[in-house]
Number of protein chains: 2
Amino acid sequence: MVTIESSIKVRLVKIGELAKLTGCSVQSIRHYEKEKLLATLRRSDGNFRLYDSATVDQLKFIKHCRSLDLSLAEIRQLIALNQQPGMGCEDVNRMIDSHIEQVALRINELQDLQDKLMALRTSCASQSTVKECGILQTLSVSRK
Amino acid sequence: MVTIESSIKVRLVKIGELAKLTGCSVQSIRHYEKEKLLATLRRSDGNFRLYDSATVDQLKFIKHCRSLDLSLAEIRQLIALNQQPGMGCEDVNRMIDSHIEQVALRINELQDLQDKLMALRTSCASQSTVKECGILQTLSVSRK
DNA sequence: CTTAAACTCTATGGTAACTATAGAGTCAAG
DNA sequence: CTTGACTCTATAGTTACCATAGAGTTTAAG
Ligand SMILES: [Zn+2]
Ligand SMILES: [Zn+2]
Ligand SMILES: [Zn+2]
Ligand SMILES: [Zn+2]
């Protein structure tokens, strides 16, 4: 923790403490900076990154988005939108809708996969040899 | 297509035709070779890869496995097992079981995600501005 | 004041399973 | 024998990081 004198006193934290405050890793934070999701406004004399509490909140926002599996590109877009408070939010809605759709698609794919895997699994009688293993035999036959 | 004279005549295909026969991309095939899943037994005088029908089958096996989302490492293991016909096939069963479990876990994760996304989506009244968008507001609040 | 632990810096390489180039060489038909 | 289609190797890019190396900084204790 570092306290800097200017017109106001601001509590600044180094990257390790920011990581603890938000539950992000230090590498992630540097990565977000490289990807322009998070700015480092100050550096110490020795070139250490210093963050204020607004940045802590910004990173929490990012983390929240990531927990919903939004991509860094999508988060970047949300941040940009957030800076246009007067605009309509249809783009936000569209993004979330499309995300929901992607997730639904993926769930369906995986469910199909699961069904196929279960079917495959039943083709082996547990006490079999490799030569007679129904799983390997099934895998060797191509499907249409 | 190339026909080579040895003790037997063998029909050999180049990589492009192998790709068509199996539905794999040419790059995938070369990638599988680099990853030791598929051997190139012959080359033309000009160094083109030439494949026989056994290799076509081998690639179909790989493709079938990939359609079940088995990793290349797992497929490599299955191929190795296939070459030990006398052994018990418990390892095969274990691999499929563990795969099924992974897929189930992933489905659950995605379902959780889906629920959160739907809840988030309801927080926006469609005709809103960015400043008042419930989605952005929700994302700005960290959860415990 | 000095030293050592703990922290941070940049840069680089790795992950998985490919896709997409670039630039050069090969093959098959006309 | 030319030309277009094909193939070759090598390299970079994809995604969101993690891991490491080697160097410098900070801070607390001695
Ligand atoms: Zn998305
Ligand atoms: Zn079996
Ligand atoms: Zn697996
Ligand atoms: Zn909205």
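We name chains A, B, ... by the order of the sequence lines, and we start the count at 1 in each one. The figures here come from the full heavy-atom set of this structure, side chains too, leaving out hydrogens, waters and symmetry mates. These figures come from a predicted structure and were not determined experimentally.
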| said: I want to verify a distance call: between D:dT11, C:dT26, D:dA19, whose nearest atom is closest to the B:Phe48 side chain? | reply: C:dT26
| task | Ignoring the backbone of B:Lys14, work out which of D:dA19, C:dC9, D:dT7 is nearest its side chain. | result | D:dT7
| message | Would the distance check show the side chain of A:His64 and the main-chain N or O of A:Leu59 forming a donor-acceptor pair, the cut-off being under 3.5 Å? | response | no
| A:Arg76 side-chain N/O to A:Glu35 backbone N/O, donor-acceptor pair under 3.5 Å | yes
Residues [X], [Y]: salt bridge by 4.0 Å N-O rule:
| X | Y | result |
| --- | --- | --- |
| A:Glu33 | A:Arg30 | no |
| A:Asp91 | A:Arg94 | yes |
| A:Glu17 | A:Arg11 | yes |

When the distance from [atom1] of [X] to [atom2] of [N] is rounded to whole Å, what number comes out?
| X | N | atom1 | atom2 | value |
| --- | --- | --- | --- | --- |
| A:Arg106 | D:dT15 | CZ | P | 16 Å |
| A:Glu74 | D:dA16 | CD | C1' | 13 Å |
| B:Glu33 | D:dT7 | CD | P | 14 Å |
| A:Asp45 | C:dT8 | CG | P | 16 Å |
| A:Ile15 | C:dC7 | CD1 | C1' | 11 Å |
| A:Ile75 | D:dT15 | CD1 | P | 13 Å |
| A:His31 | D:dA19 | NE2 | C1' | 15 Å |
| B:Asn47 | C:dC27 | CG | P | 9 Å |

Compare side-chain N and O positions of [X] against OP1 and OP2 of [N] and report whether any pair is under 4.0 Å apart.
| X | N | result |
| --- | --- | --- |
| B:Arg66 | C:dC18 | yes |
| B:Tyr32 | C:dA17 | no |
| A:Ser28 | D:dC18 | yes |
| A:Arg43 | C:dT10 | yes |
| B:Ser44 | C:dT26 | no |
| B:Arg49 | D:dT9 | yes |
| B:Arg30 | D:dC8 | yes |

| note | Nearest-nucleotide check on DNA chain C, B:Gly46 vs B:Leu72; residue mapping nearer the 5' end is B:Leu72
